[in-house]
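Worksheet: one structure, shown below.
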Amino acid sequence: MAEAPTDELAPVAQRLLDDLDRLVPRMGASYRTAIPSYAQIDERLFETEVLRTSRAAVVIFCERVLAGQDMDAIDDSDFRWAGRRRLQMGITLEDSLHAFRLAARVVWEDITGTAGPTDGRVVATLAGLWLQYIDRISTAFAEGYVNASHEQLRRIDAQRRELVDALLAVDPADAAGLAARFGITLARRYAPVLLAGEHVTANVDAVAATLRDGGFVGHRGGGLLVLASADSLDASVLRLAARADLAIVGEPTEIGSPLRSEVTLVERLLEAAVAAGRKDSVLGLEDLFVEHLARSSDRVRDALRSRVLAPLATEDRDGTFVATLAAFLRSGSVPMTAAGLHVHANTVLYRLKRITEITGLDPRVPADAAVLLLAAEVNTDDTAAPEEQP
């Protein structure tokens, strides 16, 4: 069927314009009936925001039909702005696009109802133009909504980071002023919980929602730092652990410099856990004593490298001694070490003897084993692949 010329489309478009005062309320009624969130909008706001956009959509369409103008060349800035406003009103994008589909149907019903019995070409042509137009303005609306959503998320993330940083820097005597500044209620103490994982930062809103007992969250490095209220720590950690591959938990601490020091400790514990390949979902200092001690002092680490690791590296080109030492330190048993390495027990004893000769430290003596255990942890950290770091 050939397209109808503009002069045949004009009467139907004009009838739509003439019927606007009846058509727009019908559109609004369809939104409120089918979409619960639209039914809850205040009447005045519904009139000035929702129906205003609906009226503008029909007017622009009809005016372009009357002028014979292309539907792709419209100025869609008003619809982009409408998308931003729906976000501000708390309406979901899904509900908003549902309203566009309803609008398309109501207008289409009006077109077919006002067309005459011989207006088949007119209806077909207007159908194509109307669908093209609705697709264009709903796309602009969605882009405005999404862009505003991204801006809102960036603003919220910045506010969260600012609040967390303030809690780590504030003088406890100024806590009341900080609470007033951010409009929040502060607990006496907070426990830092550092969450790490491939997708954890994308879950920041879900993490924030779990803190219903009080607490704050912000981005920290490649993860999320949660300051959980000491009174709800146990419940918070259980909920938060489900949102991360690894959660490192610190002790409840007063805000300001004490809390900042505890956060630093938690960050070091996370580095230690990742380097050690720990897969436990929730860890604290008591789970990472050795890992933490091996990283608590650069001077100690350097001493362990020169005292233990460097001499071993000189005599242990293929890493056999280091691997045997690590296996023995995990079990403390020569037979278990031999079984794990698939060698004879005498081979293990020989290697332990050579380690003692090279380093002057006997893995079977507890005091020496403690030093060798820390050295092995430093070696694990030094040889960890860069991509394994948090």
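These numbers come from a predicted model, not from an experiment.
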Test item: side-chain donor near acceptor, N147 and E151, under 3.5 Å: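 N147 vs E151: no donor-acceptor pair found between side chains.
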
Backbone N/O of E251 and side chain of T253: donor-acceptor pair under 3.5 Å: yes

R32 charged N/C atom sitting above F46 aromatic ring, 6.0 Å / 45°: yes

4.5 Å side-chain heavy-atom contact, H98 and Y38: no

S138 side chain reached by F79 side chain, heavy atoms, under 4.5 Å: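 Answer no - side chains too far apart.
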
Which residues share a salt bridge (Lys or Arg N to Asp or Glu O under 4.0 Å) with R160, sequence neighbours left out: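 By the salt bridge (Lys or Arg N to Asp or Glu O under 4.0 Å) rule, R160 matches D157, D205.
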
Of V24, D110, V58, the residue whose pairing with D19 passes side chain to side chain contact (heavy atoms under 4.5 Å, CB included):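 Answer to the side chain to side chain contact (heavy atoms under 4.5 Å, CB included) test with D19 among V24, D110, V58: D110.
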
Partner of P192 by side chain to side chain contact (heavy atoms under 4.5 Å, CB included), out of L227, T264, V164: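 The single option meeting the side chain to side chain contact (heavy atoms under 4.5 Å, CB included) with P192 is L227.
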
For atom [atom1] of [X], decide whether the heavy atoms of other residues, nucleotides or ligands shown that lie under 6.0 angstrom number more than 12.
X: M336; atom1: CE; result: no
X: R305; atom1: CZ; result: yes
X: E198; atom1: CD; result: no

From CA spacing to verdict: salt bridge (charged side-chain N to carboxylate O under 4.0 Å, His left out), R80, E143: CA-CA 7 Å; R80 292 176 184 275; E143 289 176 352; 2.7 Å; yes

Listed once per pair and sorted, the salt bridge (Lys or Arg N to Asp or Glu O under 4.0 Å) pairs that draw on residues 174-193, sequence neighbours left out: E162-R181

Y133 and F61 aromatic ring geometry - parallel, tilted or perpendicular at 30°/60° bounds: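 Judged by the thresholds at 30° and 60°, the geometry between F61 and Y133 is tilted.
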
Residue of the set R85, R55, R84 for which salt bridge (Lys or Arg N to Asp or Glu O under 4.0 Å) holds with E49: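 In the set R85, R55, R84, the residue that makes a salt bridge (Lys or Arg N to Asp or Glu O under 4.0 Å) with E49 is R85.
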
Residues 340-350 side chain polar contacts: donor-acceptor under 3.5 Å, at least two apart:
residue : atom : partner : partner atom : Å
H344    : ND1  : N346    : N            : 2.9

